[in-house]
Amino acid sequence: MSTNEASATPASLNFIEQIVENDRANGKNGGVVLTRFPPEPNGYLHIGHAKSICLNFGLAQQYGGATNLRFDDTNPLTEDTEYVDSIMEDVRWLGFQWQGEPLYASDYFDQLYAYAIHLIKAGKAYVDDSTSEEIRRMRGTPTEPGEHSPYRERSVEENLDLFARMKAGEFPDGSKVLRAKIDMASPNMHLRDPIMYRIIHAHHHRTGDKWCIYPMYDWAHGQSDAIEGITHSICTLEFEVHRPLYDWFLDNLPPFDPRPRQIEFARLNLSYTIMSKRKLLQLVRENHVAGWDDPRMPTISGLRRRGYTPASLRNFAERIGVARRDNVIDVGLLEFSVREDLNKTATRVMGVMDPVKLILTNYPEGQTEEMMIENNPEDPNGGERAVPFSRELWIEREDFKENPPSPKKWYRLGPDRMVRLKGAYIIKATDYVKDPETGEITEIHAEYIPESRSGNDTSGLKVKGTIHWVSVDTALPVEVRQYDRLFSDPDPGGHKDRDFLEFLNPDSLRIISPAYLEPSVKGAQPLDHFQFIRKGYYCVDRDSTADKLVFNLTVGLRDNWAKMSQK
RNA sequence: UGCCCCGUGGCGCAAUGGUAGCGCAUCUGACUUUGGCUCAGAGGAUGCAGGUUCGAUUCCUGCCGGGGCAUCCA
């Protein structure tokens, strides 16, 4: 039945792509693919939304279609324009462009109202005066059928009148609702006369005070899809049981062409993080983090500030795939994705986080040199930069050990040991100075090998280790924010009897100030990415000022040495 | 114990009636002026029990396990 569509290399399709290809093969909707991304503007977007965005926009792109951005703003009590703005920024930043202007479910309130009247006239919707408690009680339970509301058999005329007066504002909040008349005995709870409208006398961020009745999700969403001509309405699995209702509304309204089809997929779960909007909001409100875009947050804005790139997020979304089974993605995969991208693009630079002074005793005092070092060995066109070198250097404290534990495997500095200073000379440690009180090493002495200069090394020496360094005179002091995962538990939100806040990692942020960087980074701008050689990827934070740069650790480099030494 | 969905290496995702494959992770080895990168290789899986079939990951039945559904939230 299927012909070899495009190429000889049939990339395997996810189940949604299969549905779309089937539809196109059958000529459904004239082959058009129109998807939508429908966030509720009541919070910031997170990495789970990124999956959905990539899915919806990616699918449309793949099949020559388009994607609408539609704000599902049917609950004025929780929604706000602050969120609208951040959502648009995040979608754009991820690299996607929606079709036309942003859309709003509230744009369709008039149309929805007319459709509701259509259902009332058909005897398929009624006004119910029951209280919310009564409605809840009469709905039954998943194992027991519900019972009919005493108001269920009101006449069409009475329903029309009451509904008009609901809209006109004659009744207080909660006093009446409009319900679809379906089946109070349905095994599907969502079909037990679902509520279509409730009365809320509240100011709406777009429609102002025009309305005091607001449509429920089920009533607004599918009809919005239909009005826009959405072909494939993709949502997460928890809406699966809503699908019969989605279809019921479509079946009982004048026909739409195209008629949207709801397709559900499994939402993203990431280890060591929470994705619940409610919990994310709590972290922000209770100041456990410094805001929605705190670099430890799984929000798109947080990841951006942390140093994640749009490409890395898109690749991540591609890699995790799309299916219908519950899943937990290892946060390591997200980290892999950003390393993969940054490795190709980030300028290499040297920075010392935990400095100890290295003095080259045979290097002339007052002498300096400029070492030319490649900006990115992965990028042949990346060019090189000059890095000042002198007699006194900062090196990483952990790169010198008085007594290396397993000497044969220790490639770095120690008494009488030789290493290469990246892009400069080979040196040999000759001596070191300790603080008599603390026992801490305060100074390391070494001799450099003049013939070993990088680029024209005639020394004939071979060393296993290369370490990074920064010249003391010209070192640029900066602040470095070393981020670690926000939670110490793989599933912080998954414990029945323990609050997720108990798993907050107390060491999720460690501030290093000063760290010393080579002077070439001076003038770097927020969101500029660097690799601090042998350390990790870092990104300039917007807290940077003219006299002090602030860097966020995006992710550390893979560290096989750390892995080895743990064993 | 009602209805719906889902069970493939440690974690994701393929294979849709014809030799179970890919990515990440793990472990070797090579290379390396980043213990990064790259390259080469290795180990490891169809929840269980029946049935249909020449042949089931795939189709059917039962069981087991996981998830969802009882907001005037989305």
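Below, chain A is the first sequence line, B the second, and so on; all start at residue 1. Because the structure is predicted, anything quoted here is derived from the model rather than measured.
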**Q** Short question: side chain of Arg165(A), backbone of Gly169(A) - any donor-acceptor pair under 3.5 Å?
**A** no

**Q** Would you say the side chains of Glu335(A) and Tyr308(A) form a donor-acceptor pair under 3.5 Å?
**A** no

**Q** For the side chain of Met216(A), counting heavy atoms from C-beta on, which of G12(B), C73(B), A25(B) is nearest?
**A** C73(B)

**Q** Given the structure, check if the side chain of Arg420(A) and the base of U33(B) hold any donor-acceptor pair shorter than 3.5 Å.
**A** yes

**Q** Between Asn560(A) and G36(B), is there a side-chain N or O to OP1/OP2 distance below 4.0 Å?
**A** yes

**Q** Is the Lys NZ or Arg CZ of Lys167(A) less than 6.0 Å from the centre of Trp211(A)'s six-membered ring, within 45° of the axis?
**A** yes

**Q** Ignoring hydrogens and geometry beyond distance, is a side-chain donor-acceptor pair present between His190(A) and Asp218(A) at under 3.5 Å?
**A** no

**Q** Taking NZ from Lys535(A) and P from G35(B), how many angstroms apart are they, rounded to a whole number?
**A** 11 Å

**Q** Once hydrogens and angles are ignored, does a donor-acceptor distance under 3.5 Å link the base of G67(B) to the side chain of Glu240(A)?
**A** no

**Q** Side chain of Ile195(A) only, heavy atoms from C-beta on: which candidate in C72(B), A14(B), G12(B) is closest?
**A** C72(B)

**Q** With a 3.5 Å cut-off and heavy atoms only, can you find an N or O donor on one side and an acceptor on the other between the side chain of Arg139(A) and the base of U71(B)?
**A** no

**Q** Between A74(B), G2(B), C13(B), spot the one nearest the side chain of Asp72(A), thanks.
**A** A74(B)

**Q** Taking ring-ring contact (aromatic ring centres under 6.0 Å, His included) as the criterion, tell me which of Tyr126(A), Phe163(A), Tyr217(A) meets it with Tyr197(A).
**A** Phe163(A)

**Q** Taking atom P in both U57(B) and G17(B), what distance in whole Å separates the two?
**A** 13 Å

**Q** Write down the distance between NE2 (His529(A)) and P (G36(B)), rounded to a whole number of angstrom.
**A** 23 Å

**Q** Val177(A) has a side chain; which of G35(B), C69(B), C72(B) sits nearest to it?
**A** C72(B)

**Q** Check this one for me: any side-chain N or O of Arg348(A) less than 4.0 Å away from OP1 or OP2 of G36(B)?
**A** no

**Q** Name the one of Arg339(A), Gln531(A), His529(A) that satisfies side chain to side chain donor-acceptor pair (under 3.5 Å) with Tyr537(A)?
**A** Gln531(A)

**Q** Gly455(A) near the nucleic acid: base, sugar-phosphate alone, or nothing, with a heavy-atom cut-off under 4.0 Å?
**A** base

**Q** In this structure, how many angstroms lie between the P atom of U33(B) and the OH atom of Tyr425(A), rounded?
**A** 18 Å

**Q** Under 4.0 Å: is that the gap between some side-chain N or O of Arg243(A) and OP1 or OP2 of C3(B)?
**A** no

**Q** OP1, OP2 of C3(B) versus side-chain N and O of Thr143(A): anything below 4.0 Å?
**A** no

**Q** Is Arg278(A) close enough to A74(B) that one of its side-chain N or O atoms is under 4.0 Å from OP1 or OP2 there?
**A** no

**Q** Can you check the Asn269(A) CG to C6(B) P distance for me, whole Å?
**A** 17 Å

**Q** Nearest to the Asn343(A) side chain among G12(B), C5(B), G36(B), which nucleotide is it?
**A** G36(B)

**Q** Considering every strand shown, what is the Watson-Crick or G-U wobble mate of C59(B) when both distances are under 3.5 Å?
**A** G51(B)

**Q** Suppose we define a pair by two distances each less than 3.5 Å, Watson-Crick or G-U wobble; what does C64(B) pair with here?
**A** G7(B)

**Q** Give Leu557(A) one of three labels, base, sugar-phosphate or nothing, depending on what nucleic acid heavy atoms sit under 4.0 Å from its own.
**A** base

**Q** Using atom C1' in both nucleotides, what's the gap between G41(B) and G50(B) to the nearest angstrom?
**A** 41 Å

**Q** How long is the line joining CD of Glu144(A) and P of C69(B), in whole Å?
**A** 19 Å

**Q** Taking the same atom, C1', in G43(B) and in G10(B), what whole-Å distance lies between them?
**A** 12 Å

**Q** What I want to check is whether an N or O donor and acceptor connect the side chain of Ser454(A) with the base of U33(B) at under 3.5 Å.
**A** yes

**Q** Could you work out the separation of U52(B) and U61(B) based on their C1' atoms and round it to a whole Å?
**A** 11 Å

**Q** Applying the Watson-Crick and G-U wobble criteria at under 3.5 Å, what pairs with U38(B)? Answer none if nothing qualifies.
**A** A30(B)

**Q** To the side chain of Pro377(A), which of C27(B), G36(B), A74(B) is closest?
**A** G36(B)

**Q** Between Trp561(A) and Asp330(A), who's closer to the 5' end of RNA chain B by nearest nucleotide?
**A** Asp330(A)

**Q** In whole Å, what is the span from the CE atom of Met184(A) to the C1' atom of A70(B)?
**A** 10 Å

**Q** Considering only U26(B), U33(B), G35(B), which nucleotide approaches the side chain of Trp410(A) most closely?
**A** G35(B)

**Q** Can a donor-acceptor pair be found between the side chains of Ser337(A) and Asn315(A) at a distance below 3.5 Å?
**A** no

**Q** For A74(B) versus A20(B), give the span between their P atoms, rounded off to a whole number of Å.
**A** 50 Å

**Q** Take atom CZ of Phe389(A) and atom P of U33(B), then tell me their distance rounded to the nearest Å.
**A** 18 Å

**Q** Has Arg325(A) got a side-chain N or O lying under 4.0 Å from the OP1 or OP2 atom of A14(B)?
**A** yes

**Q** Considering only the C1' atoms, how many Å lie between G44(B) and U26(B), rounded to the nearest integer?
**A** 10 Å

**Q** Could you tell me whether the phosphate oxygens of A14(B), OP1 or OP2, come under 4.0 Å of any side-chain nitrogen or oxygen in Gln18(A)?
**A** no

**Q** What's the gap between G18(B) and C27(B) when it is taken at their C1' atoms, as a whole Å value?
**A** 34 Å

**Q** Is there a Watson-Crick or G-U wobble partner for A45(B) with both distances under 3.5 Å, and which nucleotide is it?
**A** none

**Q** Please measure how far the C1' atom in C73(B) lies from the corresponding atom in G9(B), and state the result in whole Å.
**A** 40 Å

**Q** Roughly how many Å is it from CG in Asn327(A) to C1' in G12(B), rounded to a whole number?
**A** 7 Å

**Q** Identify, between Thr131(A) and Gly332(A), the residue whose nearest nucleotide on RNA chain B lies closer to the 5' end.
**A** Gly332(A)

**Q** I want to check one thing: is the phosphate of U32(B), taken as OP1 and OP2, less than 4.0 Å away from some side-chain N or O of Lys464(A)?
**A** no

**Q** Decide yes or no, distance alone: a donor-acceptor N/O pair under 3.5 angstrom between the base of U38(B) and the side-chain of Glu378(A).
**A** no

**Q** Between Ser459(A) and Asp457(A), do the side chains contain an N or O donor and an N or O acceptor separated by less than 3.5 Å?
**A** yes

**Q** Quick one about Ser233(A) and Arg36(A) (side-chain donor to acceptor, distance below 3.5 Å, no hydrogens or angles considered), yes or no?
**A** yes

**Q** For G35(B), does the base pair up with any side-chain atom of Arg412(A) as donor and acceptor (N or O, under 3.5 Å, distance only)?
**A** yes

**Q** Any strand is fair game: report the nucleotide pairing with C13(B) by Watson-Crick or G-U wobble, both distances under 3.5 Å, or none.
**A** G21(B)

